[in-house]
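Worksheet: one structure, shown below.
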Amino acid sequence: MRVVVVGGGIGGLALGAGLRRRGHRVAVFDRDTDVAATGGYHITLDRRAQSALERSVAPEVVRRLLASASALRLRGRDAFWDRRGRLLGHGPDLADSGSVDVDRITLRTLLADAVGEDLELGREVSGVDRDGHGTPRVAFADGTRVTADLVVGADGAHSVVARHLAAGPTNRPAGIIGFCGRTRRADLGPAERRRLGPRSSTAVAPRGTALYAGFHDPVGNAALDAPELRMSVTTEPTYIWGAMLPESARTDPLRGLIGAGLQAALLSRFRSHGWAESTLEVIARADPASIAAFRFNAASTRAADLAPWSPGRITALGDAVHAVPPTAGMGAGAAIRDAADLLDRLDRLDGAADGGTAALDDALTDAVGRFEAGMRERGSEVLTLGMRPVRWILATDTLIGAAATTVAAPVLAAAASWSGRFGRRPSEGAGEQVQ
Ligand SMILES: Cc1cc2nc3c(=O)[nH]c(=O)nc-3n(C[C@H](O)[C@H](O)[C@H](O)COP(=O)(O)OP(=O)(O)OC[C@H]3O[C@@H](n4cnc5c(N)ncnc54)[C@H](O)[C@@H]3O)c2cc1C
């Protein structure tokens with residue numbers, strides 16, 4: 001069986017690597033010319049995503065990934081702050097967490113290596129259809145075409161393949177514009193280094209401004225102690241942050257900016273919303289080249305709305321079907337789980353190709369139908385989780401929401417201060433500053 005995968009991002013490469021490992025003929029096409037030219041942020045993979053990877057790629061690839069990943073169980077509980085840097089509370093204890101954070105560049109590079117020469121870069125797909133015999137066909141921007149027994153669109157939120165299948169877009173803007181960047185912990189002043197600490201933080205303020213600072217340390221907090229296998233791009237403790245603003249005509253000019261210009265405009269926007277200078281240090285001291293703006297896109301949270309087409313020999317997975325805002329921290333994991341499920345379904349097709357074209361067509365259509373049913377449930381789950389913080393952030397941008405946030409923040413800060421003084425276990429919150 002020959003499978004063509006459109007898109008060599010996280011889901012497409014996981015699928016390509018798994019197909020190759022199982023001996024299928026596969027070709028993965030991506031328009032990018034360099035797999036390392038991808039977002040500089042990190043990806044959280046929970047246990048389910050890791051076990052899906054274990055089913056798809058060779059054990060050596062998983063070992064390299066874990067040796068390059070930062071284990072959540074080794075960092076402190078997340079902290080929640082207001083815009084003045086007052087502590088509002090903590091997230092759950094992470095000691096039992098099986099999740100890991102890995103640089104997106106590392107994850108994509110590892111998966112691309114596993115696909116090997118079956119990955120073709122610099123190949124932009126312009127459309128999909130079926131030829132006169134009903135065989136799926138992929139057309140490229142350079143005018144060439146290829147056919148396959150099965151075509152899988154793993155081409156992200158603006159998917160050409162899913163758009164063809166759904167006869168329109170599969171997601172829409174979620175109302176938030178995000179900015180991400182990287183700041184080495186060593187580049188922060190001592191006070192801010194102490195306040196943020198070796199843990200991740202979120203601060204939300206009235207009028208929909210929010211700032212997440214994810215602590216990433218694949219060397220000090222390695223998930224697998226095997227330095228000889230390490231491929232992490234991040235080599236020292238780093239905050240990978242995401243700033244968020246409600247999207248409006250006023251934020252449009254930000255999306256056209258890059259580097260230091262974008263950094264300055266972002267700082268000025270947050271200052272105008274009353275954020276204390278200290279809480280913005282993580283943005284101000286970032287490497288300007290690492291800062292990028294992107295729009296949050298989201299598909300429907302309802303499973304029945306996802307993949308709204310009849311199953312056949314052209315399908316899609318990942319963000320192409322269930323684009324999810326990064327607030328879930330689960331989009332890549334869901335794409336990897338989609339890939340593993342499709343591989344499992346295809347494994348059960350053994351021998352179907354020997355029964356002729358009609359038998360293969362029936363068997364593939366059935367396998368794809370079962371895969372798409374599971375994908376709808378997975379997509380709905382991650383979208384429901386990812387949209388919760390989005391709705392919460394957008395709610396602070398209403399008159400009532402802004403007032404409630406303003407009133408609640410000092411109360412929560414005072415409560416956290418009291419429980420900090422009288423209720424904290426000795427190991428918790430070293431260096432926290434409650435002003
Ligand atoms: C700042 C940020 C932080 C995130 N954090 C997390 C996290 O912590 N955990 C998590 O699980 N997810 C996270 N995500 C989401 C995650 O990155 C995506 O959900 C995931 O990459 C989706 O995988 P995919 O394979 O479906 O699509 P992608 O990884 O987007 O891959 C799509 C690929 O298709 C290619 N392509 C597109 N169109 C064409 C075409 N016409 N022809 C050829 N190639 C094409 C693109 O070049 C790209 O390589 C984050 C996203 C962002 C922006």
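Basis for what follows: all heavy atoms, side chains included, without hydrogens, waters or symmetry-related copies. Counting convention: from 1, in listed order, for ligands and their atoms alike. Note that the structure is a prediction, hence the values are computed from the model and not measured.
Each of the following atoms of ligand 1 lies closer than 4.0 Å to a heavy atom of Gly156: 27 (O), 32 (C). Of all atoms in ligand 1, listed by their number and element, those nearer than 4.0 Å to a heavy atom of Gly318 are 26 (O). Interface of Thr44 with ligand 1, defined as ligand atoms under 4.0 Å from a residue heavy atom, comprises 7 (C), 8 (O), 9 (N), 10 (C), 11 (O). Less than 4.0 angstrom separates some heavy atom of Gly7 from each of these atoms of ligand 1: 34 (O), 35 (C). Per-residue contacts place Glu124 under 4.0 angstrom from the following atoms of ligand 1 (heavy atoms of the residue considered): 42 (N). Atoms of ligand 1 found under 4.0 Å from any heavy atom of His42, numbered from 1 in the order shown, are 5 (N), 8 (O). For ligand 1, the atoms lying closer than 4.0 Å to a non-hydrogen atom of Pro326 are 2 (C), 3 (C), 4 (C), 50 (C), 51 (C), 52 (C). Taking every heavy atom of Arg123 and a limit of under 4.0 angstrom, the matching atoms of ligand 1 come to 42 (N), 43 (C).
At least one side-chain heavy atom of Phe140 sits less than 4.5 Å from a side-chain heavy atom of Val146. Counting heavy atoms from C-beta outward, Leu65 and Leu107 have side chains that approach closer than 4.5 Å.
When the options Arg84, Arg285, Arg271 are evaluated for a salt bridge (charged side-chain N to carboxylate O under 4.0 Å, His left out) with Glu277, the one that passes is Arg271. Each of Asn171, Thr170, Asp338 was evaluated against His322; a single residue qualifies, Asp338, per the side chain to side chain donor-acceptor pair (under 3.5 Å) test.
Atom 41 (N) of ligand 1 has Val125 O, 3.0 Å as its closest protein atom, hydrogens excluded (heavy atom only). Shortest contact from atom 50 (C) of ligand 1 to any protein heavy atom: Tyr41 CE1, 3.5 Å. Regarding atom 18 (C) of ligand 1, its nearest protein heavy-atom neighbour is Asp319 OD2, 3.4 Å. At the shortest separation from atom 31 (O) of ligand 1 among protein heavy atoms lies Gly9 CA, 3.3 Å. If you check which protein heavy atom lies closest to atom 28 (P) of ligand 1, you get Arg104 NH2, 3.9 Å. In this structure, the protein non-hydrogen atom closest to atom 47 (O) of ligand 1 is Asp30 OD1, 2.8 Å. The protein atom (non-hydrogen) at minimum distance from atom 14 (N) of ligand 1 is Ile43 CD1, 4.1 Å. Nearest protein neighbour of atom 44 (N) of ligand 1, counting heavy atoms only, is Arg31 N, 3.2 Å.
For a threshold of 3.5 Å applied to N or O pairs, the pair formed by Val160 and ligand 1 contains no separation below that value. For ligand 1, the polar-atom distance check against Ala320 finds no nitrogen or oxygen pair separated by under 3.5 Å. Looking at ligand 1, you won't find any N or O of Val6 less than 3.5 Å from one of its N or O atoms. On a distance-only criterion, Gly333 and ligand 1 share at least one N/O pair closer than 3.5 Å. Checking only distances, Gly11 does come within under 3.5 Å of ligand 1, N or O to N or O. Annotation: Ala332 places an N or O atom under 3.5 Å from an N or O atom of ligand 1; distance criterion only. The distance criterion of under 3.5 Å between nitrogen or oxygen atoms is not met by Ala335 with respect to ligand 1.
Judged by distance alone, with hydrogens and angles left aside, the side-chain atoms of Arg64 form no donor-acceptor pair with the main-chain N or O of Met231 at under 3.5 Å. Judged purely by atom type and a 3.5 angstrom limit, Arg199 has no side-chain atom pairing as donor or acceptor with the backbone of Arg77. A donor-acceptor pair under 3.5 Å is formed between the side chain of Thr384 and the backbone N or O of Ser380. Under the 3.5 Å distance criterion, the side-chain polar atoms of Arg313 are left unmatched by any main-chain donor or acceptor of Pro136.
For the residue pair Thr279 and Trp81, no side-chain donor N or O sits within less than 3.5 Å of a side-chain acceptor on the partner. Looking at Arg269 and Thr251, their side chains never bring a donor and an acceptor atom within 3.5 Å of each other.
Note: Gln50 CD to Ile336 CD1 = 9.5 Å, rounded to the nearest 0.5 Å.
The part of Met330 lying near ligand 1 is the backbone, judged by heavy-atom distances below 4.0 Å. In Arg108, the part holding a heavy atom less than 4.0 Å from any atom of ligand 1 is the side chain.
Here Thr38 pairs with Arg104 under the side-chain hydrogen bond (donor to acceptor under 3.5 Å, both in side chains) rule; sequence neighbours left out.
Under a 4.0 Å N-O distance rule, the pair Arg195/Glu192 qualifies as a salt bridge. Ion pairing between Asp341 and Arg378 holds under the 4.0 Å rule for side-chain N and carboxylate O.
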Throw together a table of side-chain donor-acceptor distances under 3.5 angstrom for residues 220-229, partners on residues two or more places apart or in other chains.
none

